[in-house]
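Some notes on the structure that comes next.
Just so it is clear, the values below take in all heavy atoms, side chains as well, and ignore hydrogens, waters and symmetry mates. Everything numeric in this text was worked out from a predicted model, so none of it was measured.
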Amino acid sequence: MPTARESLLEAAGAALAARPWPAVRMIDVAAAAGVSRQTLYNEFAGKTGLGHALVRRDAAWYLDGVDRALSSSGAPAERLAAVVEWTVRAGRERPLVRALLTGCWNGNLPVPAGRGVRPGLPALGPAELIREVRERAHAVFGAQEGAQRCELAVRLALSYLVAPAEPPGPGRAGLLRLLSGTIPRAGAR
């Protein structure tokens, strides 16, 4: 059984999918989650806190997908292609992920922490997400070049989010050709 916090995040995510963030009402989110409005305010302290939690949740969801792609079986190029495919799919499916990856926020989405809310706090954005993906790739591949290639692969994926191609990109075979250079292991020269 989900916790009240999880239920509220799910209800807020569903509300955001149906209407712009400014039109999302806390009373409706609480009712959809099956909890009182006071419980919502106890969990998130208000709409701003709920919005920040939604942004963090979608960032974690995206990074979980990156971890799955990097840890999948296959050659390094196949795993990098999986990261590209995941990044494009996640950005197209979830507006918050797209905004996190591209830095393109609009008034229809909750504002992430640090963006126009409380100056001085770091905002989670493209640079931070790419840095995190790179670190995860470095942990998997054990070589700086592998991490650099993964960063380049994610940046390639971002170009497909910002300027979608018709038909949608080079396809898996094209990605594999592009990413298929050897990634040396740590210590190898």
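Using a 4.5 Å heavy-atom cutoff, the side chains of Glu151 and Val133 are not in contact. Annotation: side chain of Gln148 is in contact with side chain of Arg134 (closest heavy-atom distance under 4.5 Å). Looking only at side-chain heavy atoms (C-beta outward), Asn108 and Leu16 stay at 4.5 Å or farther from each other. Val29 is listed as a side-chain neighbour of Val24, based on a closest heavy-atom distance under 4.5 Å. Side-chain atoms of Leu100 and Pro126, non-hydrogen and from C-beta on, never get closer than 4.5 Å to each other. When side chains are defined from C-beta on, Ser71 does not count as touching Val140, because their heavy atoms never get closer than 4.5 Å. Proximity of Phe44 to Met26: side-chain heavy atoms (C-beta onward) are nowhere separated by under 4.5 Å.
The CZ atom of Arg5 sits 12.5 Å away from the OG1 atom of Thr39 when rounded to the nearest 0.5 Å. Taking CG of Leu80 as the start and CG of Leu156 as the end, the distance is 11.0 Å to the nearest 0.5 Å. For the atom pair CG of Leu63 and CD of Glu135, the computed distance is 10.5 Å after rounding to the nearest 0.5 Å. One distance of note links OG of Ser72 with CG of Asp67; it measures 11.0 Å at 0.5 Å rounding. Atoms CD and CG, on Gln38 and Asn42 in that order, are 4.5 Å from each other to the nearest 0.5 Å.
The two residues Ala90 and Trp61 make their nearest non-hydrogen contact at CB-CZ3, 3.6 Å. Between Tyr62 and Thr87, the shortest heavy-atom contact is OH-OG1, 2.9 Å.
In terms of modelled atom types and a separation under 3.5 Å, the side chain of Glu43 and the main chain of Leu40 share no donor-acceptor contact.
A salt bridge does not link Arg89 with Glu85: none of the charged nitrogens is closer than 4.0 Å to a carboxylate oxygen. For the pair Arg57 and Glu10, the salt-bridge criterion is met [side-chain N within less than 4.0 Å of a carboxylate O].
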